Amino acid sequence: MTRRARLWLLLAGAAGLAVLLAAACLKLPAFGGDHHPYGDRAVRASLARHTANTISSVNFDQRAFDTLGEMTILFAAVLGCVVLLRQTRDEHRARPEPAEVALPVRRYALIVLPVALVSGLYVVAHGQLSPGGGFQGGVVAATALHLLYLGADYRALERVRPVGRYEVGDALAASAYLVTGLAGLIGSSAFLANTFLPYGTFNTLSSGGTVPLLNAAIGMEVACAVVVLLARFLDQAVEIEGEGGS
């Protein structure tokens, strides 16, 4: 295919996409109006399935299949980074030397670390009840561990971050999401259908049917993925050196 043909193909695709977007925008409710058909239906479905946080109901119930796609994108991105940043034959690991850390930085990092870690886990656990959820809480929990890198040294971080276990955790969390979806297919009517578990008491941790399970799977997957991703980049920046010492 010539360059000109590829350009025409790109323009044709862009024109088709523009037409579809324009048609969709014309069908949207008027801005600032009091009639919100999508919002009203989302809230109604969330309350019917005892999920206090409507956003979590949308993410892990009403459009749980889309969330599976988002999780897959993150999983594939981390897998790609692991492959691209793996240690090559002309690289070796140099023992990282601890850097001098200012006392206020060390004190602040070590005090904030447990607070940030617990906050991340709390956001994941209460995703079906309050703002937040697996995506947000997973990132907070993962980055909280790296306060050890700022407050102590790289070796301290390595002791609490065995990368191999987090890689396994990432795969297990992604599998747990799929297994929950298959359970919906076997036990009810559709993949990821929130119909085979009791909805529980509204506004409690056990409410929402499968929403807490999918939310926890996403939290674990995101946390493990971020830890693995940062580990690979830190290995490149801190530890791995070429034969020439560069």
Side-chain angles (χ1 to χ4, degrees), residues 12-77 119-120 122-141 173-174 176-223 225-226:
L17 180 61
V19 171
L20 292 175
L21 287 175
C25 290
L26 291 175
K27 295 293 184 178
L28 289 174
F31 180 76
D34 58 355
H35 180 59
H36 303 282
Y38 309 115
D40 293 341
R41 291 169 184 170
V43 172
R44 191 180 304 116
S46 176
L47 295 177
R49 294 176 179 176
H50 297 184
T51 307
N53 184 8
T54 303
I55 304 301
S56 289
S57 176
V58 172
N59 287 337
F60 304 113
D61 185 356
Q62 301 171 43
R63 52 174 290 271
F65 194 79
D66 296 342
T67 302
L68 172 63
E70 297 169 4
M71 180 190 69
T72 304
I73 291 172
L74 176 60
F75 185 85
S119 298
Y122 178 90
V123 170
V124 173
H126 291 76
Q128 70 275 17
L129 305 179
S130 57
F135 285 102
Q136 299 86 342
V139 172
V140 172
Y177 197 101
L178 290 172
V179 169
T180 305
L182 291 174
L185 182 63
I186 297 171
S188 56
S189 58
F191 182 67
L192 288 171
N194 186 7
T195 54
F196 68 96
L197 285 180
Y199 296 140
T201 304
F202 183 76
N203 208 27
T204 62
L205 285 177
S206 60
S207 62
T210 60
V211 171
L213 300 180
L214 297 178
N215 180 59
I218 287 293
M220 181 177 175
E221 198 276 333
V222 170
V226 172

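All heavy atoms count here, side chains included; hydrogens, waters and symmetry mates do not. Computed from a predicted structure; not experimentally measured.
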Test item: [X] and [Y] side chains (from C-beta on) under 4.5 Å apart, heavy atoms:
{"X": "L213", "Y": "L197", "answer": "yes"}
{"X": "F196", "Y": "I186", "answer": "no"}
{"X": "V222", "Y": "L74", "answer": "yes"}
{"X": "N194", "Y": "Y199", "answer": "yes"}
{"X": "L68", "Y": "F191", "answer": "yes"}

Within this structure, what is the [atom1]-[atom2] distance for the pair [X] and [Y], rounded to the nearest 0.5 Å?
{"X": "L129", "Y": "T204", "atom1": "CG", "atom2": "OG1", "value": "7.0 Å"}
{"X": "M71", "Y": "L214", "atom1": "CE", "atom2": "CG", "value": "9.0 Å"}
{"X": "T54", "Y": "L47", "atom1": "OG1", "atom2": "CG", "value": "6.0 Å"}
{"X": "L182", "Y": "Y177", "atom1": "CG", "atom2": "OH", "value": "12.0 Å"}

Minimum heavy-atom distance between [X] and [Y], given as atom pair plus value:
{"X": "A217", "Y": "A173", "result": "O-CB, 3.4 Å"}
{"X": "Q128", "Y": "N215", "result": "OE1-ND2, 4.2 Å"}
{"X": "G209", "Y": "P212", "result": "O-CD, 3.3 Å"}
{"X": "S56", "Y": "G132", "result": "OG-O, 3.9 Å"}

Pairs involving residues 47-60, ordered by first then second residue, that meet salt bridge (Lys or Arg N to Asp or Glu O under 4.0 Å) (sequence neighbours left out):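 Salt bridge (Lys or Arg N to Asp or Glu O under 4.0 Å) check on residues 47-60 returns R49-D61.
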Greater than 12 external heavy atoms within 6.0 Å of F202's CZ: yes
Contact list for residues 67-76, test side chain to side chain donor-acceptor pair (under 3.5 Å), sequence neighbours left out: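 Of all non-adjacent pairs touching residues 67-76, those that pass side chain to side chain donor-acceptor pair (under 3.5 Å) are R63-E70.
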Stepwise side chain to side chain contact (heavy atoms under 4.5 Å, CB included) check, T201 with S207: CA-CA 5 Å; T201 304; S207 62; 5.8 Å; no
Set of residues satisfying side chain to side chain donor-acceptor pair (under 3.5 Å) with respect to Q62, sequence neighbours excluded: S57
Donor-acceptor contact below 3.5 Å, side chain N203 vs main chain A52: no
H50 side-chain N/O to G208 backbone N/O, donor-acceptor pair under 3.5 Å: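 Judged by distance alone, no pair lies under 3.5 Å.
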D40/R44 under side chain to side chain contact (heavy atoms under 4.5 Å, CB included): CA gap, chis, key distance, verdict: CA-CA 6 Å; D40 293 341; R44 191 180 304 116; 4.1 Å; yes
